[in-house]
There are 2 protein chains.
Amino acid sequence: MHLSDRQKLILTLIIHEHIHTAQPVGSKTIVEKYDLTMSSATVRNEMAVLTDVELLRQPHTSAGRVPTEEGYRFFVGNLIQKSGLPTNTRRTITHQFYQSRQDIEQWLKLAASVLANQSQAASLVTAPHSEKAIFKHLELIATRGRQVLMVLVLVGGEIRQQFISLAEPVPQEQLSQIANQLSHLCLRQDIQGISRLQGQLDPIGQEILEILLAEMSLIEESATGEIYLEGMTNVLSEPEFSESDEARQALHILEEPSMLENLLASTMMNTDVGGIQVLIGGEGTWEELRQVSLVLARYGDPKTLTGSIGVLGPIRMPYDRTISTVRFVANVLSDLVSETLAV
Amino acid sequence: MHLSDRQKLILTLIIHEHIHTAQPVGSKTIVEKYDLTMSSATVRNEMAVLTDVELLRQPHTSAGRVPTEEGYRFFVGNLIQKSGLPTNTRRTITHQFYQSRQDIEQWLKLAASVLANQSQAASLVTAPHSEKAIFKHLELIATRGRQVLMVLVLVGGEIRQQFISLAEPVPQEQLSQIANQLSHLCLRQDIQGISRLQGQLDPIGQEILEILLAEMSLIEESATGEIYLEGMTNVLSEPEFSESDEARQALHILEEPSMLENLLASTMMNTDVGGIQVLIGGEGTWEELRQVSLVLARYGDPKTLTGSIGVLGPIRMPYDRTISTVRFVANVLSDLVSETLAV
DNA sequence: TTTAGCACTCTCGGCTTGAGAGTGCTAAAT
DNA sequence: ATTTAGCACTCTCAAGCCGAGAGTGCTAAA
């Protein structure tokens, strides 16, 4: 299907208008609001055509037109390349990142917060995560009796801490020594490498080694890192969600880590770092997302550590703005991650 | 104000009924539903009295009665002592905790999840936090160039990790040595104690000491630990929130950490561990909470480490059930925390 | 090809109306 | 002195009706 320039213009204007009135838009409205040189009748004819090819829809005979999901997709398709963020917005955002604490967790929270505020919608950010767990460093800290705090650092910077309970109390001295020994033996090894050490250590070392291995497989198995959400309430203030049930279902997906991981896994599979995915109205697959759209991106270092960020808002969200924000924040995070965390 | 037993009964029944119909309840209804031995006229007379003392309210002349906030308070007051959780529910919950990973973070997430599911409302859990930061252990892990990962453990078990950037690159060997030295020097010291070490160390040690101090004051300043939320969407499915704005405002408070910390600080001040606070309809102070109630509890070790947990639901929530759940989960957490984290 | 004009359709808010729910009062019954 | 039956009264709510307004599609002229 190919559209004339005029048809594209009209489609764009209708979407644009609908996005911030949340109302069906009529022929007269756009002629007047945008000072078109043609008459409303002409617009009406074009609108009829656009309705035929299912880019527009009329809720009822005598209402204006509303974009269909296909319409939004067309619109977004034309949009996804260009669209930059205003320089001062970029500056504000960058500034916030560089004056926050130099800490990956802070950055991720900040990213979630920036996305939520800029887009006035719900945002999600997953911590960078690598598919392959490679050992970097281990610490053991005695707490009380047999309880020991284990801190495991992976190449790339993922950190897990966990309280473990040993078979018998071990003094801090000895723990440090074991940690040191293991740190050296395991450095830059993956799970296979480390499991080869089994049986070569004293009993306590062996005990810890097993816990270590269990933890590392756990990390490899999980599909994403920690998930940060923000701005759920923003979505609720959109007029189309005053009958809250539609919004509830969508937000519920965000709240349920397993569902969200699924969604991200299946969506981001074929998206590389720097790329943007726009999911409009659930794309026929995700029933619960029928009334919302998702703008998603990957960030990080393609081969090693990646995470996802995204925004969930009403279908009639300001895509240009949202896409550029998401893309920009993804880039900022990519930079920060590769600066700080790389081996 | 003192009520006759019959009045109490009627009040209780009305609240009970209203809680699961979400409708005003009339005299005839309760006589029939609860097989009362008196007639509806009698009930009506009593209802008139209860309305006079503002425990009940009628939305309009010819509707049934609805409890006022005061009414709920009276009801909850009679309730707060007793109310135990069914044994099998207790078992289910305990079971979940003991089969989860032995990790404070997991426990807190689990607590949030249990509360949200059991009460079908929104839950909040703050990580245990002590007002006084006491040093336990320090680790420094080289990552790349001047970037160093610092892991700080406090007595009580709070852990902070942070990437720091030193003036010049330092090899892991030396970092370990510094960490060791500092760990010994600072053991069980508070901020004052540690600041006395200033100037007695080599330049790198000094640099790290300062970051350490900054971090510790940051911890002391913050009012709560990490906050975990869950089940926000549960609240949205309540009928009174189909006009979503009321719910939005309340959920917004949960989403905004500063507001929530405020709320917790001012509410929990005079609640000791094991105690329960029930905030009904914002108690006149919290405008945004007018339409909701909060059931809050403290857990942890009174003198050292405490955190808060709570449930936010519609005013007409099943208080008995919610209170016992919150109390039970608080106790479980207290046990786990004191078992694991104590010095 | 575009546009003016017009008849037509459909929604939406306002209004009315009747049914139903629930009350409060009064007078009789216990 | 309570309790209860009876009844008139009040108010909401859903349904139906109406007219205004918005917007369309078609036709015929420019």
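First the proteins, then the strands, lettered A, B, ... as listed; each starts at 1.
Judged by closest nucleotide on DNA chain D, B:S62 is the one of A:S62 and B:S62 placed further toward the 5' end.
Distances shown here put every side-chain N or O of A:Q23 at or beyond 4.0 Å from the OP1 or OP2 atom of D:dA22. For D:dA22, the OP1/OP2 oxygens have no side-chain nitrogen or oxygen of A:R65 closer than 4.0 Å. Proximity of A:Q58 to the phosphate of C:dC10: no side-chain N or O atom is located under 4.0 Å from OP1 or OP2. Taking 4.0 angstrom as the limit, B:T61 places none of its side-chain polar atoms (N or O) nearer than this to OP1 or OP2 of D:dT10.
Of the possible polar contacts, one joining the B:T322 side chain to the B:P318 backbone as a donor-acceptor pair under 3.5 Å is found. No side-chain donor-acceptor contact under 3.5 Å links A:R44 to the backbone of A:S27.
Of the candidates D:dT3, C:dT11, C:dT23, the closest approach to any side-chain atom of B:R6 belongs to D:dT3.
The distance from atom CZ of A:R57 to atom P of D:dG23 is 17 Å, rounded to the nearest whole Å. Rounded to an integer number of Å, the gap from A:M47 CE to C:dT2 P is 16 Å. We find that CD of B:E46 is positioned 13 Å from C1' of D:dT4, with the value rounded to whole Å. The separation between A:K33 atom NZ and D:dA22 atom C1' is 15 Å, rounded to whole Å. Between B:L36 atom CG and D:dT3 atom P the separation is 13 Å, expressed in whole Å. The distance between atom NZ of A:K28 and atom P of C:dG5, rounded to the nearest whole Å, is 13 Å. Between the C1' atom of C:dT2 and the CD atom of A:Q7 lies a distance of 15 Å, rounded to the nearest Å.
Across A:L296, A:T271, A:T267, A:L264, a single residue satisfies side chain to side chain contact (heavy atoms under 4.5 Å, CB included) together with A:S308, and that is A:L264.
The pairing partner recorded for C:dA7 is D:dT24, the criterion being a Watson-Crick or G-U wobble arrangement whose two distances lie under 3.5 angstrom. For D:dA30, the paired base is C:dT1 (Watson-Crick or G-U wobble, both distances below 3.5 Å).
The aromatic rings of A:Y319 and A:F75 sit perpendicular, their planes meeting at an angle over 60°, well past the 30° parallel limit. Note: B:Y34 and B:H16 have perpendicular aromatic rings, judged against thresholds of 30 and 60 degrees for the angle between ring planes.
A heavy-atom distance below 4.0 Å to DNA chain C is reached by these residues of residues 37-45 of chain B, ordered by number: B:R44.
A:E54 and A:T68 share no donor-acceptor pair across their side chains, judged by distance under 3.5 Å alone. For the residue pair B:E255 / A:T233, a side-chain donor-acceptor distance below 3.5 Å is found, with atom types taken as modelled.
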